[in-house]
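Notes follow the structure.
First listed ligand is number 1; within each ligand, the first listed atom is number 1.
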Amino acid sequence: MKITSAEFVMSNSDVAKCPKNKLPEYAFIGRSNVGKSSLINMLMQRKSLAKTSGRPGKTQLINHFLINKNWYLVDLPGYGYARVSKSSKKTFQKFITNYFEKRQQLVLGFVLIDCRHEPQPIDLEFMEWMGQSQIPFSIIFTKADKLKPNALTRNLEVYTQKMLETWEEMPQYFVTSSSNGDGRDELLGYINQINSDLTAL
Ligand code: GTP
Ligand code: MG
């Protein structure tokens with residue numbers, strides 16, 4: 001898919017105030033610092049369309065970006081931000097769960113996972129919650145530039161095995177790097193295909 005335009009539309013914490021039109025949208029979710037905002041910039045080939053930071057907790061609101069004037073990318077705050085108190089650490093911010101439960105225009109959520117780490121309970125729990133709530137999702141492994149090919153392959157195998165303990169099959173997944181653009185064509189092609197299928201309905 002060729003990107004001809006990418007515009008920031010609005011930020012808010014209330015799903016009821018998100019754009020009212022029916023354009024399909026795709027949301028990026030995952031732990032703080034996993035690279036959600038960086039991936040939006042990489043896909044759009046823009047340095048600072050979405051705000052990024054080395055410190056977790058940068059994105060605090062639901063951010064809508066209108067792409068090619070006909071679909072939205074949504075940047076969400078991370079979950080599992082370490083600075084919140086221990087008791088509420090695993091509680092996903094209410095407005096994030098509200099967004100996923102109520103947003104009818106949402107076509108698919110992308111759950112971002114740092115490819116360097118072993119499967120983390122909070123990500124596994126979030127995906128289980130998505131499954132129980134019947135919200136379709138795919139996985140994006142981020143920061144692939146930080147691992148050597150063998151280590152990457154090994155980690156993907158470990159993750160797949162872990163997922164198969166709970167899921168019948170490994171969800172569709174992508175491997176990306178916002179530093180070198182890996183995975184860009186695959187991810188945009190996937191979104192493009194879904195958008196075309198929706199138009200054909
Ligand atoms: P929150 O908004 O806090 O939830 O974080 P986020 O998931 O949006 O992460 P963000 O895109 O702000 O990136 C966090 C840090 O990781 C920044 O320092 C990025 O430069 C770095 N980063 C993100 N993606 C990549 C990547 O693919 N490769 C490398 N090497 N660094 C990355
Ligand atoms: Mg962010």
Considering the heavy atoms of [X], write down every atom of ligand 1 situated less than 4.0 Å from one of them.
{"X": "Pro56", "answer": "3 (O)"}
{"X": "Ser179", "answer": "26 (C), 27 (O), 28 (N), 29 (C), 30 (N)"}
{"X": "Ser37", "answer": "8 (O), 11 (O)"}
{"X": "Gly78", "answer": "4 (O)"}

Just going by heavy-atom distances, which of Gly57, Ser53, Ser38 is nearest to atom 23 (C) of ligand 1?
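Comparing heavy atoms across Gly57, Ser53, Ser38, the nearest one to atom 23 (C) of ligand 1 lies in Ser38.
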With a 4.5 Å limit on heavy-atom distance, are the side chains of [X] and [Y] in contact?
{"X": "Met44", "Y": "Phe65", "value": "no"}
{"X": "Phe100", "Y": "Met130", "value": "yes"}
{"X": "Cys18", "Y": "Asn12", "value": "yes"}

Nearest-contact summary for [atom] - protein heavy atom, Å:
{"atom": "atom 31 (N) of ligand 1", "result": "Lys146 CE, 4.0 Å"}
{"atom": "atom 16 (O) of ligand 1", "result": "Lys143 NZ, 3.0 Å"}
{"atom": "atom 9 (O) of ligand 1", "result": "Gly35 N, 3.2 Å"}
{"atom": "atom 5 (O) of ligand 1", "result": "Asn33 N, 2.9 Å"}
{"atom": "atom 30 (N) of ligand 1", "result": "Asp145 OD2, 2.8 Å"}
{"atom": "atom 4 (O) of ligand 1", "result": "Lys36 NZ, 2.9 Å"}
{"atom": "atom 27 (O) of ligand 1", "result": "Ser178 N, 2.7 Å"}
{"atom": "atom 18 (O) of ligand 1", "result": "Gly54 CA, 3.4 Å"}

Looking only at distances, please establish whether an N/O atom of ligand 1 is found under 3.5 Å from an N/O atom of [X].
{"X": "Lys51", "value": "no"}
{"X": "Thr59", "value": "yes"}
{"X": "Val34", "value": "yes"}

Between Trp71 and Ile191, does the side-chain contact (heavy atoms from CB on, under 4.5 Å) criterion hold? Intermediate values first, please.
CA-CA 10 Å; Trp71 57 282; Ile191 293 172; 3.8 Å; yes
Strictly under 2.8 Å, is any N, O or S atom of Ser53 next to the Mg ion (ligand 2)?
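For Ser53, the answer is no, given that no N, O or S atom comes within less than 2.8 Å of the Mg ion (ligand 2).
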Short check: any N/O/S atom of Ser32 below 2.8 Å from the Mg ion (ligand 2)?
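For Ser32, the answer is no, given that no N, O or S atom comes within less than 2.8 Å of the Mg ion (ligand 2).
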Under a 3.5 Å distance rule, please check whether Asn41 uses its side chain to pair with a backbone N or O of Leu49 as donor and acceptor.
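Yes; judged by distance alone, with no hydrogens or angles, the pair exists.
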Rounded to the nearest 0.5 Å, how far apart are CG of Leu198 and CD of Gln193?
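Separation between the atoms: 10.0 Å.
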For the OG1 atom of Thr4 and the CG atom of Asn68, what is their distance to the nearest 0.5 Å?
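Here the rounded value is 3.5 Å.
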Against His64, only a single residue in Leu61, Ile62, Leu66 fulfils side-chain contact (heavy atoms from CB on, under 4.5 Å); can you say which?
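Of the listed options, the one satisfying the test is Ile62.
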Yes or no on side-chain hydrogen bond (donor to acceptor under 3.5 Å, both in side chains) for Ser177 and Asp182, after CA distance, side-chain angles and deciding distance?
CA-CA 5 Å; Ser177 162; Asp182 276 1; 5.6 Å; no
Quick check for you: with the Mg ion (ligand 2) as the vertex, what angle do OG1 of Thr59 and OG of Ser37 span, to 10°?
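That angle works out to 90° after rounding to 10°.
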Step by step, would you call Tyr72 with Asn21 a side-chain hydrogen bond (donor to acceptor under 3.5 Å, both in side chains)?
CA-CA 11 Å; Tyr72 288 111; Asn21 57 52; 3.1 Å; yes
side-chain hydrogen bond (donor to acceptor under 3.5 Å, both in side chains) for Asp114 and Thr142? Distances and angles first, verdict last.
CA-CA 5 Å; Asp114 188 325; Thr142 63; 4.9 Å; no
Quick one: do Lys162 and Glu118 satisfy salt bridge (Lys or Arg N to Asp or Glu O under 4.0 Å)? Show the steps, please.
CA-CA 9 Å; Lys162 186 72 191 174; Glu118 286 185 6; over 6 Å; no
